[in-house]
Amino acid sequence: MVSSSVVENYVSCCSLASRVFAVVVMVVLLLSSASQAQLSSDTFYAKTCPKALSTIRTTIRTAIARERRMAASLIRLHFHDCFVQGCDASVLLDNSTTVASEKFVLQNNNSVRGFEVIEQAKSAVEKLCPGVVSCADILAVAARDASEYVGGPSWTVKLGRRDSTNGSPSLANRDLPRFTDSLDSLISLFKTKDLSARDMVALSGSHTIGQARCVTFRDRIYNGSNIDAGFASTRRRNCPATDGDSNLAPLDLVTPNSFDNNYFKNLLQKKGLLESDQVLFSGDSTDNIVLEYSRNPSTFSSDFASAMVKMGDIEPLTGSAGIIRTVCNRVN
Ligand code: HEM
Ligand SMILES: *[C@@H]1O[C@H](CO)[C@@H](O)[C@H](O)[C@H]1NC(C)=O
Ligand SMILES: *[C@@H]1O[C@H](CO)[C@@H](O)[C@H](O)[C@H]1NC(C)=O
Ligand SMILES: *[C@@H]1O[C@H](CO)[C@@H](O)[C@H](O)[C@H]1NC(C)=O
């Protein structure tokens, strides 16, 4: 109503050219507000829960101070949330009579972690302002706080996501990347989430921290090509050919607890741990991006931050869609 009367006012006053212009502008504005369920700025909880962000931050920092790897686990949790039916905290849901959990698909089973830290942040925030702050927003804020705490970039987190009432094991299985994926598959998978090849390479740079299980890199260290021989032999020591599936190794052998660009430098030396890491530098189309990030940490930092914002924008539930869960692992 308001919009159309504004258009009429314009139309009654001006030349044909400016009338047409005004109508075009209004149509573009209306379409852009209708077609994307848009997140709000970082002030979304300023009135309803002013201490939300500082409370989440305190919980996250305490958890990472206790266990440094938690920074990696929390960043990954946000990623595994956003890639499956959007950033809606579906990854956090347990099996129930109405919910099929995503936690048991191959890419998540015995692998994603950090749930208890998100629950701690949620319960702290729930005490201050019950029913206000979504689990999906907590995941997004936690990922940012985690990056910042271990020396990575920071960024402004858009807010206003709401939580799903279901999970989708089949979408999780379809949309979460696998360490066996080819470069072309990785590029096209990220493209389905509106993330470019450059975004994909930047986001993979979060493998500058955290750990992977033997089962995810065994084939590469025993049978891989395009791998440094000394590196492969070192990794075989704690990853037997037929045993020790869950033995861990750092994704970045140089500085596994700091967010820096060593991950990309390792790829230049064929010391990527996962096959899906090394394919980013394997004589193909993303080589130049890896080279650039290996030489220029500040470009990596700023690209990583913008890619995380883009990732946090994937198909959010906003407005009256979805719910605000009371606890993150089940629906109210
Ligand atoms: C490009 C496709 C990707 C593949 C194939 C992939 C695969 C993997 C695998 C197999 C692991 C080890 C899991 C385990 O041992 O159980 C891992 C760990 C990790 N991934 Fe990725 N990943 C990808 C992209 C990403 C992205 C986009 C992010 C974040 C933005 C990310 C963040 C992490 C982190 C931080 C860890 C370490 C987690 C921890 O120590 O708890 N990964 N990834
Ligand atoms: C949860 O449900 C899925 C099927 O939806 C099943 O594969 C899985 O084993 C269940 N996990 C547990 C712990 O009950
Ligand atoms: C998940 O891992 C457990 C072992 O912890 C295993 O028993 C179960 O079969 C796995 N689930 C799936 C769906 O692979
Ligand atoms: C390496 O490849 C050979 C031949 O395909 C296979 O028999 C063997 O199981 C592989 N070893 C590992 C540890 O993946």
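Keep in mind that the numbers below use all heavy atoms, side chains included, and drop hydrogens, waters and symmetry copies. Residue numbers run from 1 in the order of the sequence given. For clarity, every value in this text was computed on a predicted model and none was experimentally measured. Numbering of ligands and ligand atoms starts at 1, following listing order.
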Considering only non-hydrogen protein atoms, determine which one is nearest to [atom] and report residue, atom name and distance to 0.1 Å.
atom: atom 36 (C) of ligand 1; result: Arg76 CD, 3.6 Å
atom: atom 24 (C) of ligand 1; result: Phe79 CE2, 3.5 Å
atom: atom 3 (C) of ligand 1; result: Pro177 CG, 3.6 Å
atom: atom 41 (O) of ligand 1; result: Ser73 OG, 2.6 Å
atom: atom 8 (C) of ligand 2; result: Asn95 ND2, 3.7 Å
atom: atom 29 (C) of ligand 1; result: Ser206 OG, 3.0 Å
atom: atom 40 (O) of ligand 1; result: Arg69 NE, 2.7 Å
atom: atom 35 (C) of ligand 1; result: Ala72 O, 3.1 Å
atom: atom 2 (O) of ligand 3; result: Asn109 ND2, 2.4 Å

Check step by step if side-chain contact (heavy atoms from CB on, under 4.5 Å) holds for Val125 and Ile56. CA-CA 7 Å; Val125 166; Ile56 297 167; 3.8 Å; yes
Below 4.0 angstrom from a heavy atom of [X], which ligand 1 atoms are there? Numbered from 1 as shown, please.
X: Phe179; value: 5 (C), 10 (C)
X: Ser111; value: 13 (C), 14 (C), 16 (O)
X: Gly210; value: 37 (C), 40 (O)

In the single-linkage hydrophobic clustering (I, L, V, M, F, W, Y; side-chain heavy atoms under 4.5 Å), do Leu176 and Leu106 co-cluster? no
Indicate, with yes or no, if Leu93 and Leu77 share a hydrophobic cluster defined by side-chain heavy-atom contacts under 4.5 Å among Ile, Leu, Val, Met, Phe, Trp and Tyr. no
Where the side chain of Ser206 meets the backbone of Arg76, is there a donor-acceptor pair that is under 3.5 Å apart? no
Just by distance, do the side chain of Arg325 and the backbone of Ser164 share a donor-acceptor pair under 3.5 Å? yes
Using distance alone, decide if ligand 1 has a nitrogen or oxygen within less than 3.5 Å of any nitrogen or oxygen in [X].
X: Ser276; value: no
X: Asn110; value: no
X: Arg213; value: yes

Just to check, does Leu274 reach to within less than 4.0 Å of ligand 1 when the distance is taken from its heavy atoms? yes
Check whether any heavy atom of Phe217 sits under 4.0 Å from an atom of ligand 1. no
Atoms in ligand 3 with a heavy atom of Phe104 nearer than 4.0 Å: 12 (C), 13 (C)
At less than 4.0 angstrom from any non-hydrogen atom of Asn110, what atoms of ligand 3 do you find? 1 (C), 2 (O), 3 (C), 4 (C), 5 (O)
Among Arg178, Met200, Met70, closest by heavy atom to atom 5 (C) of ligand 1 is Arg178
Heavy-atom nearest neighbour of atom 1 (C) of ligand 1 within options Pro250, Ser185, Ala249, Ser204: Ser204
Please say whether more than 12 non-hydrogen atoms of neighbouring residues, nucleotides or ligands are located less than 6.0 Å from CZ in Arg61. yes
Is there a ring-ring contact (aromatic ring centres under 6.0 Å, His included) between Phe190 and Phe83 once you walk through the steps? CA-CA 9 Å; Phe190 277 65; Phe83 263 54; 4.8 Å; yes
Taking C-beta and beyond as the side chain, do Val117 and Met70 meet within less than 4.5 Å on heavy atoms? yes
Under a 4.0 Å threshold between the charged nitrogen and the carboxylate oxygen, would Lys158 count as salt-bridged to Asp42? no
With a 4.0 Å cut-off, would you call Glu116 and Lys122 a salt bridge? no
Residues Asn296 and Ser298: side-chain donor-acceptor under 3.5 angstrom: yes
Working to the nearest 0.5 angstrom, can you tell me the gap between Asn262 CG and Lys271 NZ? 11.0 Å
Check [X] against ligand 1 and report side chain, backbone, both or neither, counting heavy atoms closer than 4.0 Å.
X: Leu186; value: side chain
X: Ala212; value: both
X: Leu251; value: side chain

Phe115 ring centre to Lys103 NZ or CZ under 6.0 Å, with the angle to the axis within 45°? yes
Please give the atom name: the N, O or S atom of His207 nearest to atom 21 (Fe) of ligand 1. NE2
Is the ring centre of Phe217 less than 6.0 Å from the ring centre of Phe179? no
Taking the six-membered ring for Trp, is the centroid-to-centroid distance between Tyr149 and Phe259 below 6.0 Å? no
Can Asp245 and Arg213 be said to form a salt bridge (Lys or Arg N to Asp or Glu O under 4.0 Å), step by step? CA-CA 6 Å; Asp245 276 8; Arg213 290 167 303 151; over 6 Å; no
Is atom 4 (C) of ligand 2 touching the protein, meaning some protein heavy atom lies under 4.0 Å away? no
Under 4.0 angstrom from atom 11 (N) of ligand 2, is there any protein heavy atom? yes
